[in-house]
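The structure under discussion appears below in the form of structure tokens.
Here is the naming used below: chain letters follow the sequence lines, and residue numbers restart at 1 for every chain.
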Amino acid sequence: MTLTEVAAQAKPQSKRARGSALGPALAVPGIIWLLLFFLAPLYVVLAIVFGRTDPIFRTAVPVWNPLQWNPSQFNYVLSRIVGDNGIFGPALLRTAIYVLLAGLLCLLLAFPVAYYTARLSGRWKGLLLAALIAPFWISYMMRMLAWVNLLQDDGLVNRLFSLGGVFDVRTHWLTGQPVVVVLGLVYGYVAYMILPLYAGLDRLPQSTLEAARDLGASRFASFWRVTLPMCRPTIVAAVLLTCLPMLGDYFTSDMLSASPKTAMVGNLINDSVQSPGQTGQAGALVMLVLLVAVVPMFYYVRVTTRGDVAS
Amino acid sequence: MAVPNRPSPSRRQFLLRAALLAGGTPALMAFLDACATGDQTSSSAPSMKVASPDKPVTWDIAKDNAPIADGLAPEKAATLQLYTYADYVSPDAIKSFQEKYGTTVQVSTFNDTDEAITKIRAGSVDYDVFFPSYDQIGKLVNGSLLRPLNHSYVPNIKNVWPVFTNPFYDQQWRYTTPYTVYTTGIGWNNTVVPADIGALANPYESLWDPAYKNKTAVIDDWHTAMSMVLLKLGITDVNTSSAADLKSVGEQLTALVAATSPKVTITMYTDVPTGQIGLTQMWSGDIINAQNYLPEGATAEVLRYWFPTDGRGLVDNDLMVILRGGKNPVLSHLFINHMLETESAKQNFKQIGYQPPQVSMSPDSLVSDGFVAENIKTAIVRPEYYDVGYRILELEPDNDAAWHNVWRAFKAGGS
């Protein structure tokens, strides 16, 4: 029996029936919020995806009655993901690869930083945390614009690599380089990864870790067999918090590349929202992203509920 | 923390459900197809008059939308709302108007005219004067968004090239006055691209030349960019409805990405002078405007522009129109008249780089008057271009969708 299982057995199940209306009352604001700002807009998106186009202005006209829905725009998108006409497939695959890579890199960068801040930094903790939050003070656009400057042909990055003119470095960073877009995503989102990881690591019960050491686990073994498994929900949450917004990101690719070669699904959505007559396609792509995002969300819910039972 | 009252799904259940979800999608599609009974009128739109040089259009003036009466006094204590691209009206020209009529002018900006029209229709701000391209005029008139002009307020129309007092897209200039004229050609920075692109047999082909990989760009406008591909192929119908032509354009765009990986942007006027973009499809107004964005130490000598000397390329013009929803129709007329005055037109040209079609500003004098550097005099627009140049027109909805689909495929980036 593992330590966590002992803990779970020792703790009696909390009574659901506390016998008051407090629970539902507390849930009301959340439910209203969800209805107003999630379900209602989702229905609007559906009404547009399956809606009509204004004959003169070619703008989307939502159709509210599901019986009159016209799936042509949705089918247009679905039928062009794979096969001969698969124009969207490569961009979707590209998005998945970029996001996975960027998410992984974020995790590799953020975990040690969060671990150090939460567990080893001692009295510097507050200062370090403030320093980690500092990038949030500057808008995402400004940070990307700064990179545009640095990465220009005659920018600081090329000058740095040329070691003061020893080498002739003329890398065109801003012309559709996938690596620049992925690193841009990492740079833009890594802070969102550090904070939840920090919160999770900071809350790890010290006693459990001490018990692991007392029972003879080495530093590495206690990290590998105790810290890491206990962090799993935190890691999943941090990865999701970072990767889900990345899935819809179009700005990074627009700013750091502007080349179709690095177009992500966010760019497809952005382009079709702005094209007359194609708003429905944008909505269809939004639905696709939503479907894809729902799967890891289920996984997250599963991991965290198990975590709750265990703790 | 919440305690679940039933066990969470096992890994196997989870995978099964995910698979069901994925597998169910095509069935959902079929189901929706079957259900789609209702209103299918969306694709077969009511016919909208599309103006072309062969079929000039005289737009009707609706009874409930008559021009304003003659001789009205300008609105008092009013704020004239202009709706335009960023950096597209000179602050000096606005200032002189404000001083002349003791009024306030407020400028709101948009990124593209489709976005603008959506916002105008939403009606949240009562914009007075709008600066669209002529290929939007059908939408604007058919959608009853424009106010017809009363010519008595716009005597300065005499200053503009005669072609614009009876243009094909608005015979008798009932709704429109010309604002700027421009061509679309190839611009380059000769420190990055020393070759004389203009001397090539087919300068458009240079954008497909792998030697310029990572240095090129095309204009982020589906019709302008795809028209350039057609011209490169020698197809001069830049509004083609031929599926074969559009297929070739699609193939050429794929080849373009493979060969030179161009940026798709509209920031050429700042990127070409700095050399960030070396060679690009470009609007003539942007290369002239690029003179204002040269980095320190550089001169306009580095800029180059090519447009067919016989005028057989893309020629365009933008308009000034009065919006029906505006609250200051008299001031709007007076503003248009002000912008057609030679002095304000010159002021404007100096700051925005887009040439006004003024009779008194002879194309040959623009270099000596210091508006345009000698080496980009090819960017000067001549009235005779409008006799032979190719014009981008509004497309029928189905054809418009076909064009957009090719552009979508390009912007999605291929494999």
Side-chain angles (χ1 to χ4, degrees), chain A residues 13-14 16 50-59 61 63 65-72 74-76 78 80 87-91 94 152-154 172 174-176 257-263 267-268 271-272 274-278 281 291 294-295 298-299 301-302 305-306 308-309 311, chain B residues 1-5 8-9 14 17-18 21 25-26 29 32-33 35-46 48 111-112 114-115 117-118 121 138-139 142-143 213-215 217 220 222 257 261-265 267 274-276 397 400-401 404-405 407-415:
Chain A
Q13 289 254 324
S14 61
R16 271 182 72 78
F50 299 110
R52 295 186 301 116
T53 319
D54 180 286
I56 293 178
F57 294 101
R58 318 267 340 272
T59 45
V61 181
V63 171
N65 181 357
L67 294 176
Q68 294 179 348
W69 279 359
N70 173 1
S72 60
F74 192 69
N75 287 351
Y76 178 89
L78 279 195
R80 274 163 184 75
I87 54 172
F88 298 129
R94 189 182 302 129
Q152 273 176 352
D153 289 0
D154 57 350
H172 303 289
L174 296 173
T175 52
S257 152
S259 160
K261 270 189 2 191
T262 59
N267 298 92
L268 299 189
D271 286 345
S272 28
Q274 294 182 348
S275 311
Q278 295 190 327
Q281 292 180 29
L291 281 178
V294 157
V295 176
F298 277 137
Y299 179 68
V301 170
R302 189 169 155 253
T305 46
R306 271 215 320 211
D308 286 347
V309 174
S311 63
Chain B
M1 253 182 245
V3 176
N5 51 2
S8 54
F14 172 72
R17 284 170 201 177
L21 186 68
T25 314
M29 272 169 71
L32 288 169
D33 256 335
C35 286
T37 49
D39 180 7
Q40 295 284 340
T41 51
S42 59
S43 48
S44 58
M48 182 174 80
N111 287 319
D112 64 77
D114 288 323
E115 171 203 322
I117 291 175
T118 307
R121 289 180 67 211
K139 277 184 202 175
N142 285 313
K213 194 176 171 77
N214 294 331
K215 294 176 183 171
D220 190 4
W222 57 280
V257 174
S261 177
K263 263 179 190 284
V264 184
T265 179
T267 57
T274 57
Q276 192 60 37
D400 182 277
H404 268 107
N405 288 338
W407 185 244
R408 288 300 307 284
F410 166 61
K411 289 269 282 195
S415 49

Hey, what do you get for [atom1] ([X]) to [atom2] ([Y]), rounding to the nearest 0.5 Å?
X	Y	atom1	atom2	result
Asp271(A)	Trp222(B)	CG	CH2	14.0 Å
Leu174(A)	Lys263(B)	CG	NZ	5.5 Å
Gln281(A)	Arg408(B)	CD	CZ	5.0 Å

For the residue pair [X] and [Y], what are the closest heavy atoms and their distance?
X	Y	answer
Ile87(A)	Ala409(B)	CG2-CB, 3.4 Å
Gly143(B)	Phe57(A)	CA-CZ, 3.5 Å
Ser259(A)	Ser261(B)	OG-OG, 3.7 Å

Main-chain N/O of Ala412(B) paired to Arg94(A) side chain as donor or acceptor, under 3.5 Å: yes
Do Lys139(B) side-chain atoms and Arg58(A) backbone N/O form a donor-acceptor pair below 3.5 Å? no
Any side-chain heavy-atom pair of Leu268(A) and Lys411(B) under 4.5 Å: no
Quick one: are Lys213(B) and Thr175(A) in side-chain contact, heavy atoms under 4.5 Å? no
Part of Gln152(A) within contact of chain B (heavy atom distance under 4.5 Å): both
Please look at Thr262(A) and chain B and tell me whether the side chain, the backbone, both or neither of the residue comes under 4.5 angstrom of a heavy atom of that chain. neither
Do you know which of Asp112(B), Val257(B), Thr274(B), Asp400(B) has the most heavy-atom pairs with chain A at a distance under 4.5 angstrom? Asp400(B)
Which one, Thr118(B), Ile117(B), Asn214(B), leads in non-hydrogen pairs under 4.5 Å with chain A? Asn214(B)
Let's test your reading of the structure: which of Gly89(A), Ser272(A), Gly176(A) forms the most heavy-atom pairs below 4.5 Å with chain B? Ser272(A)
Using side-chain contact (heavy atoms from CB on, under 4.5 Å), reason through Thr59(A) and Arg121(B) one step at a time and then give a plain yes or no. CA-CA 11 Å; Thr59(A) 45; Arg121(B) 289 180 67 211; 3.1 Å; yes
